[in-house]
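So you know, we letter chains A, B, ... as the sequences are listed, proteins then strands, and number each from 1. Side chains are part of it too, since the values below use all heavy atoms of this structure and drop only hydrogens, waters and symmetry mates.
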Number of protein chains: 2
Amino acid sequence: MEAKLHYHPLIRHLLSTTDISEDNVRLLLELPIVEQDVGKGHTIVAEGDRPSRCCLILEGFTCRSRVLADGARQIVAFHVPGDLPDLQSLHLKRMDHSLTTLSPARLAFIPHEALRGLLRANHDLAESLWRRTLIDAAILREWVTSIGRKLARARIAHILCELTVRTAAVEVGNDTRIALPVTQNELADALGLTIVSVNRHLQEFRREGLLELRHRTLTIYDWSKLRHIAEFDSDYLHFTRPPDAVSVLLGERR
Amino acid sequence: MEAKLHYHPLIRHLLSTTDISEDNVRLLLELPIVEQDVGKGHTIVAEGDRPSRCCLILEGFTCRSRVLADGARQIVAFHVPGDLPDLQSLHLKRMDHSLTTLSPARLAFIPHEALRGLLRANHDLAESLWRRTLIDAAILREWVTSIGRKLARARIAHILCELTVRTAAVEVGNDTRIALPVTQNELADALGLTIVSVNRHLQEFRREGLLELRHRTLTIYDWSKLRHIAEFDSDYLHFTRPPDAVSVLLGERR
DNA sequence: CGCGTGGTTGAACTCTGTCAAACGAGGTGG
DNA sequence: CCACCTCGTTTGACAGAGTTCAACCACGCG
């Protein structure tokens, strides 16, 4: 268990984005957690729900989304392993959007009551989780900027940069390859574009030898060019320690 | 002072969006606050800054914005009196955007250190402010949805609905009139549109007898139609008490 | 009365959307 | 092992919302 804890996605995640101590993460994981495996397209919590527990993603991808009157969908966040996608439900009773899986996923649920009790007793931990929700908001600001003021090409490049950095357990560079179980349709719904447009720009990227997105795998051949097209600067993700430093910290081989 | 406190914008604001007690708001206002009057277009904190205090808006409007490489600006939030626009700086050291005034404004500054000390001692207060930042994130999700999936007409209607509800001290209805010191240019930068497009749609609204936006005053003649065009539902603002209930609570005449 | 900020207008242009159909890889069942 | 289904991707022709550029207007303030 001890050894396994070191590789827990939540630990990796909180270590890279907060000043949390390992002991405090351990306290989190000692809460009465229920694990569950669910398939792709599973609705974890729906708009209007009043959840009584928080969800932690152990494996797989999820997204938060809303559906408009005309049936159009807008994805307002992607979540990767280690994320606590609905931490907000701790203080906002009613869900104003849905949380669904984009791939088969392994989830863990932490009861609000238990979490609230722990946070009340441990102010450092409360601050770390507050900080996590603030980073989620920073990502939203970046999305607003991207959707509001960038062309489709830059938007697509930007989301790919973001997801790469957020999922990357090791440093990002050329020939980076990550599992990205996201369809072009889902990218379109996140970027305020149509699938047709996303498809055409992705093909252009491919033709330019920049990247390849196939079989749920993203391979980046020219990271610095992609970054430049996207105007991507990872500052808004507010890493306290770069992901590769976390690997070193956890004593992992690379 | 006692009487004046009742009408303090922060009190009105926190009472309408959190379960905070009046005593706790009072504790906030007893912190060593420095007030300051600034003109329009004043930069309160700039991107890259590491502020050591939080800003409270007493009077006037402010916005948070970012500027892209090509000079385009994206406004990522509007803030009205009573808001604590950079509460996030308490836990995110480096500003990833700028905070500027849209009108002459009266600001109050609360040192981080003092605020952090109070929040550490008073968990209820910490929860209330955490909740406030979560509502800011909910507004951002709404903006992403609006910018990503709605036509210009609906987007413009939506932001007008939102600002009306957020500033309204009394209930909203027909012939509602609010001070809105926001130019069409600023609306455009918030909505991911150009000033030309905003202008044309506003004229259309005016021709339809729906509303009028003139001389920094917004007058709404047909609230329910505007709401409908915008697909506006105030749920995402997560009011704990409707603004008019707060008025009653504060013993105000209407 | 002049200046400046902010609002208004018109014409040409373009990026992205719409619609509709075809393709391809992976999995399933007969 | 092939037919068949499904999900996701690809393609083409066309339409349209919003942009760009550039000029003009109007009101409020010193």
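- A salt bridge is defined here as a Lys NZ or Arg NE, NH1 or NH2 lying under 4.0 Å from an Asp or Glu carboxylate O, and A/D96 with A/R66 fails to meet this definition.
- Spacing between atom CZ of B/R207 and atom C1' of C/dT9 amounts to 12 Å, rounded to whole angstrom units.
- In this structure, CG of B/L102 is placed 15 Å from C1' of C/dT5, rounded to the nearest angstrom.
- Note on B/L202: nothing from the nucleic acid sits closer than 4.0 angstrom, heavy atoms only.
- Toward the 5′ end of DNA chain D lies the nearest nucleotide of A/V182, the other residue of the pair A/R149 and A/V182 mapping further downstream.
- Nearest to the side chain of B/L151, among C/dT16, D/dG8, D/dA17, sits D/dA17.
- Using a 4.0 Å heavy-atom distance criterion, B/R153 is classed as making no nucleic acid contact.
- Residue contacts shown for B/R155 are absent, as no nucleic acid heavy atom lies under 4.0 Å away.
- For A/R200, the listed nucleotide lying nearest its side chain is C/dG17; candidates were C/dG17, C/dT16, D/dT20.
- Taking 4.0 angstrom as the limit, B/N185 places none of its side-chain polar atoms (N or O) nearer than this to OP1 or OP2 of C/dG6.
- Phosphate contact (OP1/OP2 of C/dT16, side-chain N/O of A/H201, threshold under 4.0 Å): present.
- Phosphate contact (OP1/OP2 of D/dC27, side-chain N/O of B/R216, threshold under 4.0 Å): absent.
- For A/V196, counting side-chain heavy atoms from C-beta on, the closest listed nucleotide (C/dC19, C/dT8, D/dT20) is C/dC19.
- Under 4.0 angstrom from either OP1 or OP2 of D/dT11 there lies at least one side-chain N or O belonging to A/Q203.
- Ion pairing between A/D49 and A/R94 fails under the 4.0 Å rule for side-chain N and carboxylate O.
- One interatomic measurement links the two molecules: CG of B/L180 to P of C/dG7, which rounds to 11 Å at whole-angstrom precision.
- Distance, B/N199 CG to D/dA17 P: 18 Å, rounded to whole Å.
- The shortest distance between the side-chain N/O atoms of B/R214 and the OP1/OP2 oxygens of D/dA26 is not below 4.0 Å.
- Residue B/Q184 places none of its side-chain N or O atoms closer than 4.0 Å to OP1 or OP2 of C/dT5.
- Neither OP1 nor OP2 of D/dG8 sits under 4.0 Å from any side-chain N or O of A/T183.
- Using a 4.0 Å heavy-atom distance criterion, B/G41 is classed as making no nucleic acid contact.
- For D/dG18, neither phosphate oxygen OP1 nor OP2 lies less than 4.0 angstrom from any side-chain nitrogen or oxygen of B/T194.
- Between the CG atom of A/L191 and the P atom of C/dG17 there is a distance of 10 Å, given to the nearest Å.
- Distance from the side chain of A/L193 is smallest for C/dT16 among the nucleotides D/dT10, D/dT19, C/dT16.
- Looking at A/R153 and A/E204, a side-chain N of the basic residue comes within less than 4.0 Å of a carboxylate O on the acidic one, giving a salt bridge.
- Taking the six-membered ring where the residue is Trp, A/Y236 and A/H158 present parallel rings, their angle staying beneath 30° rather than reaching 60°.
- Using a 4.0 Å heavy-atom criterion, one finds that A/I195 contacts the bases of the nucleic acid, with or without backbone contacts as well.
- Side chains of A/T145 and A/E142: no donor on one and acceptor on the other come within 3.5 Å.
- DNA chain C is contacted by both B/E186 and A/K150; B/E186 maps to the nucleotide lying nearer its 5′ end (nearest heavy atom per residue).
- Atom CG in B/L187 sits roughly 19 Å away from atom P in C/dT5 (whole-Å rounding).
- In this structure, CZ in B/R73 is found 10.0 Å from OG in B/S98, a value given to the nearest 0.5 Å.
- Atom CD1 in B/I156 sits about 13 Å away from atom P in C/dG7, given to the nearest Å.
- The distance from atom CD1 of A/I147 to atom C1' of C/dT16 is 15 Å, rounded to the nearest whole Å.
- The phosphate of C/dA25 has neither OP1 nor OP2 within less than 4.0 Å of any side-chain N or O from A/H215.
- Taking a cutoff of 4.0 Å between a charged side-chain nitrogen and a carboxylate oxygen, B/R149 and A/D189 qualify as a salt bridge.
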